[in-house]
2 protein chains.
Amino acid sequence: MAEHSGTGPGRTIPARATLGSVAARAGVSKQTVSNVINSPHMVREDTAAKVLAAIDELGYRPHRAAQQLRTRRSRVFALRVQNRFPDAVFDRFLHALTGAAGALDYRIMLYTADDDAGEITAYDELLDRWDIDGFVLTGTHPGDTRTAHLSRVGVPCVTFGRPWDDSGHHPWVDVDGAAGTRAATEHLVRQGHRRIGFLGWPDGSGVGGDRLSGWANAIRDAGLDLLPPSRAVNDAEQGRSAAAELIDRTHPTAIVCASDVLALGAISEITARGMNVGADVAVIGFDDTDISAVAGLSSLAQPLVDVAAHCARLLATLVENPSDSRPEQVLLEPQLVIRSSSAPVRR
Amino acid sequence: MAEHSGTGPGRTIPARATLGSVAARAGVSKQTVSNVINSPHMVREDTAAKVLAAIDELGYRPHRAAQQLRTRRSRVFALRVQNRFPDAVFDRFLHALTGAAGALDYRIMLYTADDDAGEITAYDELLDRWDIDGFVLTGTHPGDTRTAHLSRVGVPCVTFGRPWDDSGHHPWVDVDGAAGTRAATEHLVRQGHRRIGFLGWPDGSGVGGDRLSGWANAIRDAGLDLLPPSRAVNDAEQGRSAAAELIDRTHPTAIVCASDVLALGAISEITARGMNVGADVAVIGFDDTDISAVAGLSSLAQPLVDVAAHCARLLATLVENPSDSRPEQVLLEPQLVIRSSSAPVRR
DNA sequence: CTGTTAGCGCCTTCAT
DNA sequence: ATGAAGGCGCTAACAG
């Protein structure tokens with residue numbers, strides 16, 4: 001633990017470099033060093049060079065806590081972790097977000113909450129004690145009060161997910177589920193399918209309605225029969241029952257599903273009936289999770305790296321330009337990944 | 001943004017409470033307030049009561065950056081996010097860890113790195129600028145240099161995963177993979193199986209060898225034939241080929257797998273041969289991921305909540321008692337979750 | 001363009 | 001048991 005900066009034997013472990021030590025080394029004042037870092041335009045070139053050299057030699061890095069104490073900015077974004085993120089894409093998003101934020105020199109701090117109310121309580125502590133600069137919110141849903149609360153206290157936030165009721169004006173990034181199911185449906189039409197069903201979630205989830213609508217509109221545009229969809233909660237067993245019901249009722253040759261889990265339920269049912277997935281009944285899932293790779297399931301991949309990059313960028317912009325124009329909103333298209341479950345219709 | 005603490009109309013929004021404002025309110029000095037919080041034993045009861053009342057009325061919370069600037073402690077643990085955590089249990093671990101750390105008043109901050117070298121570079125910045133109190137490391141592997149580095153700089157760390165070569169003495173928490181595959185094997189033996197194969201990963205992963213050994217020892221203890229195992233990288237297609245090879249070569253009635261993904265590959269192969277999973281060939285996976293729930297796959301659930309709680313506890317202990325006795329090491333048993341893929345042997 | 005002064009909120013040291 | 005002074009490292013405001 002002992003540090004020494006002298007010229008004793010062995011390697012010299014530099015004591016912590018501070019603004020002051022850099023200033024002394026460069027023969028200028030602390031303020032000038034600070035200016036070189038924070039307002040480089042207002043310092044003469046030769047002075048800057050001297051200072052930068054000193055910074056380099058000493059391996060100086062500004063101390064966050066000191067900066068934060070002075071500026072009330074932490075360069076930290078907070079993100080809630082849930083035990084089960086909708087669509088099981090959380091870990092990939094998290095990785096991308098940490099990277100994207102890091103590229104802008106922000107860090108991600110995590111918190112947990114049991115529900116929206118608990119989350120709002122958490123904000124207070126996070127803001128009061130940690131000076132969190134902004135929040136990345138996921139899992140937006142109808143009746144969501146979180147963004148309204150944050151906007152009331154004047155704290156920047158961005159949501160991964162559209163606001164499903166027009167609660168205020170904050171920037172958001174989302175994946176266009178409708179475009180995804182439309183692409184899936186059009187792909188199936190091109191494969192020769194004419195009876196294309198939809199296996200979705202119960203009403204009221206926003207995301208579910210979005211994904212359903214893309215299928216429905218594509219069916220209408222193609223002039224096909226709009227087979228009444230079947231619905232189940234996001235569980236393979238429930239999905240299997242719902243698929244059974246859908247098949248009995250509408251005899252589809254292809255099924256577009258709201259999620260990979262539901263799709264796997266459909267696959268189980270199709271297989272159990274002695275039919276061939278792909279050849280007899282095509283299936284397309286959503287989210288391109290491990291499940292789809294493993295099951296040969298065609299699916300829609302969310303562009304999570306881009307989502308994360310936009311989230312970080314929008315939030316950083318908001319933090320750094322508090323009175324920026326109107327909030328930007330980004331809608332990205334998922335990409336159809338074709339596997340064996342969506343073969344051409346059997347002739 | 002404007003705050004006022006007067007008694008004007010409307011709700012009073014308290015300006016930020018500080019040690020000073022609490023002291024004024026309670027009619028004591030700042031130092032006494034600090035003592036009430038940090039050294040309650042050395043302050044008279046009535047004084048403490050007064051101060052606590054003031055803290056409560058003002059909603060005072062110590063400001064982390066100020067504490068940190070003074071104490072060089074951040075109350076933050078850092079954790080690396082990888083895009084693919086081994087065994088796809090990362091998000092559940094993360095949630096549990098955030099909660100467990102929060103209960104001890106620590107927060108989790110994330111960082112990324114491309115490899116071990118990049119991670120070690122990241123340490124420097126994290127320590128220098130953020131005063132990170134400790135690191136939770138995952139994905140330990142043979143030849144891991146990270147813990148040695150941290151121990152050299154004297155920074156507390158705990159690993160989720162054993163050190164696979166005896167690199168130093170740090171606390172760790174791990175799940176006993178051998179106990180898991182042993183439990184799976186013994187369960188199959190009780191079901192009447194006599195030819196129980198193993199589908200594992202290629203050599204050299206530590207975790208893979210651990211899981212294999214539990215199966216092998218259980219087989220020996222039961223006096224059964226030790227069918228030479230088959231191996232594949234953690235991919236369903238590879239797993240399927242390896243399962244085919246295993247079945248052709250050893251004709252097992254049950255297969256213990258190193259992961260759910262491999263198990264799903266085995267299931268595909270069994271199904272494709274027109275055999276029944278469970279009745280003809282039983283299969284047991286590892287990790288109890290979404291895949292197993294969806295596929296009716298018996299599997300071994302890792303006690304991630306306990307793992308996380310121990311990680312947080314060990315790290316906090318290390319931070320708060322720098323010269324504690326020898327590092328504690330915790331090995332937890334996974335729990336066998338029985339589903340339809342491990343039915344009794346067909347008579 | 002550069003230097004000086006002051007203070008963010010807290011805790012450590014010393015005095016009372 | 002309580003209070004006063006000082007400083008952690010940095011930057012805002014002003015002076016030169």
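Here is how names work: the chains are called A, B, and so on, in the same order as the sequence lines, proteins then strands, and each is numbered from 1. What's counted below: heavy atoms across the whole structure, side chains too, no hydrogens, waters or symmetry copies.
Along DNA chain D, the nucleotide nearest to B:Asn35 and the one nearest to A:Pro62 differ in position, and the one closer to the 5' end is contacted by B:Asn35.
Taking a cutoff of 4.0 Å between a charged side-chain nitrogen and a carboxylate oxygen, B:Asp131 and B:Arg64 do not qualify as a salt bridge.
None of B:Arg313, B:Arg75, B:Arg73 except one satisfies the salt bridge (charged side-chain N to carboxylate O under 4.0 Å, His left out) rule with B:Glu320; the exception is B:Arg75.
Regarding contacts with the backbone of C:dG9, a side-chain N or O of A:Arg72 is found under 4.0 angstrom from either OP1 or OP2. In this structure, A:Ser34 reaches the D:dT11 phosphate: one of its side-chain N or O atoms is under 4.0 Å from OP1 or OP2. Phosphate contact (OP1/OP2 of C:dG9, side-chain N/O of B:Thr18, threshold under 4.0 Å): absent. Within the 4.0 Å cut-off from OP1 or OP2 of C:dC8, not a single side-chain nitrogen or oxygen of A:Gln68 is found.
Looking at A:Asp116 and A:His141, their side chains come closer than 4.5 Å, going by heavy atoms from C-beta outward. Side-chain contact between B:Trp172 and B:Pro163: present, with at least one pair of heavy atoms (C-beta onward) separated by less than 4.5 Å.
Across its full length, the helix from C:dC1-D:dG16 to C:dT16-D:dA1 shows an angle of 40° between the axes of its 5 terminal pairs at either end, rounded to 10 degrees.
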Output a table of nitrogen or oxygen pairs between the protein and nucleotides 12-16 of chain D separated by less than 3.5 Å.
from	atom 1	to	atom 2	distance (Å)
D:dA12	N6	A:Gln31	OE1	2.9

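Between A:Tyr111 and A:Tyr123, the two ring planes are perpendicular [angle over 60°; tilted spans 30° to 60°].
Across residues 42-57 of chain A, not one residue has a non-hydrogen atom less than 4.0 Å from an atom of DNA chain D.
For A:Thr32, the side-chain atoms get nearest to C:dT2 when compared with the rest of C:dC11, C:dT2, C:dG9. Nearest to the side-chain atoms of A:Ser29 among the listed nucleotides D:dA4, C:dG3, C:dC10 stands C:dG3. Nearest nucleotide to the side chain of A:Ala66, out of C:dC8, C:dG3, D:dG9: D:dG9.
When only modelled atom types and interatomic distance are considered, B:Thr317 and B:Asn321 share no side-chain donor-acceptor pair under 3.5 Å.
Side-chain atoms of B:Asp174 come within 3.5 Å of backbone atoms of B:Arg162 as a donor-acceptor pair (strictly under, hydrogens ignored).
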